[in-house]
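These notes concern the structure reproduced below.
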Amino acid sequence: MVPFDDMLESLWKARLNEIVKYTPIHNHLRSLVKVASIEAIVLGSLGSWNAANDTGFRNLGQVQNREAFSSSLIAGFRTPIT
């Protein structure tokens with residue numbers, strides 16, 4: 001999740017950071033299987049949505065309802081760990 005500071009810029013920076021973070025793994029997988037992709041799904045701390053999430057879900061072959069995804073993710077953070 002991304003802090004709610006400068007919403008849009010923070011969401012895009014978080015997406016880019018995740019892609020950069022996983023690029024070495026992506027490159028390794030591509031050397032083994034030839035086809036691999038990186039998709040970063042970024043959600044703001046107050047439920048704001050990065051438009052690139054829609055493309056990411058489509059590229060993964062998923063049709064995702066953003067409200068359902070946001071609600072279930074936020075609910076997961078509110079669930080106490082026992």
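All values below were derived from every heavy atom in this structure, side-chain atoms included, with hydrogens, water molecules and symmetry-related copies excluded.
- Legend: salt bridge (charged side-chain N to carboxylate O under 4.0 Å, His left out) pairs involving residues 14-42, not counting sequence neighbours: none detected.
- In terms of heavy atoms, Val42 sits closest to Asn53 at O-ND2, 2.6 Å.
- Residues Leu43 and Leu11 approach most closely at C-CD2, 4.2 Å, considering heavy atoms.
- When the side-chain hydrogen bond (donor to acceptor under 3.5 Å, both in side chains) test is applied to Thr55, the partners found at least two apart in sequence or on another chain are Arg58.
- Leu16 is linked by a side chain to side chain contact (heavy atoms under 4.5 Å, CB included) to Val20, counting only residues two or more places apart in sequence or in another chain.
- Connectivity analysis of hydrophobic side chains (ILVMFWY, heavy atoms under 4.5 Å, direct or indirect) links Ile38 to Ile19, Tyr22, Ile25, Leu29.
- In this structure, Leu32 shares a hydrophobic cluster with Val33, the cluster being traced through Ile, Leu, Val, Met, Phe, Trp and Tyr side chains under 4.5 angstrom apart.
- The local environment of NE2 in His26 is crowded, with over 12 non-hydrogen atoms from other residues, nucleotides or ligands closer than 6.0 Å.
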